[in-house]
Amino acid sequence: ENAMSETLIVNYLIKGRVKMNVEELVQKAKDLIGEGNVEHAQQFIEEHKDELGEHYHKITAMLADTTTDDLFDKIKGLFQ
């Protein structure tokens, strides 16, 4: 009986994490951008590119919008 409930809990946590993970990653990236922490945000986005999936392009666009022209050119070069 114990093993059964442990399995259910583990499955629940895994399923819960998968969905939350992307939302958490997006939120974290938005927070970093909001704080003006561009280099950290950039690094974070690149590290989680695969997990972010479709959100990757939205976040990189958001990042580009919030930066100054000098930084924009630098970042644009990195994302090509």
Pairs of donor and acceptor atoms involving the side chains of residues 31-38, under 3.5 Å and at least two apart or interchain, shall be tabulated with distances.
from : atom 1 : to  : atom 2 : distance (Å)
D31  : OD1    : Q27 : NE2    : 2.9

**Request:** Measure across A41 and A29 and return the closest heavy-atom pair with its distance rounded to 0.1 Å.
**Result:** CB-O, 4.5 Å
**Prompt:** Which heavy-atom pair separates E51 from V22 by the least distance, and what is that distance?
**Reply:** O-CG2, 3.6 Å
So, taking the atom named [atom1] in [X] and the one named [atom2] in [Y], what distance separates them when rounded to the nearest 0.5 Å?
X	Y	atom1	atom2	answer
K49	L25	NZ	CG	15.0 Å
T60	H55	OG1	NE2	12.5 Å
L52	K28	CG	NZ	13.0 Å
M62	K58	CE	NZ	9.0 Å

**Item:** Under the ring-ring contact (aromatic ring centres under 6.0 Å, His included) test, residues paired with H48 that sit two or more places apart
**Value:** F44
**Message:** Are the side chains of K30 and I59 in contact, using a 4.5 Å heavy-atom criterion?
**Reply:** no
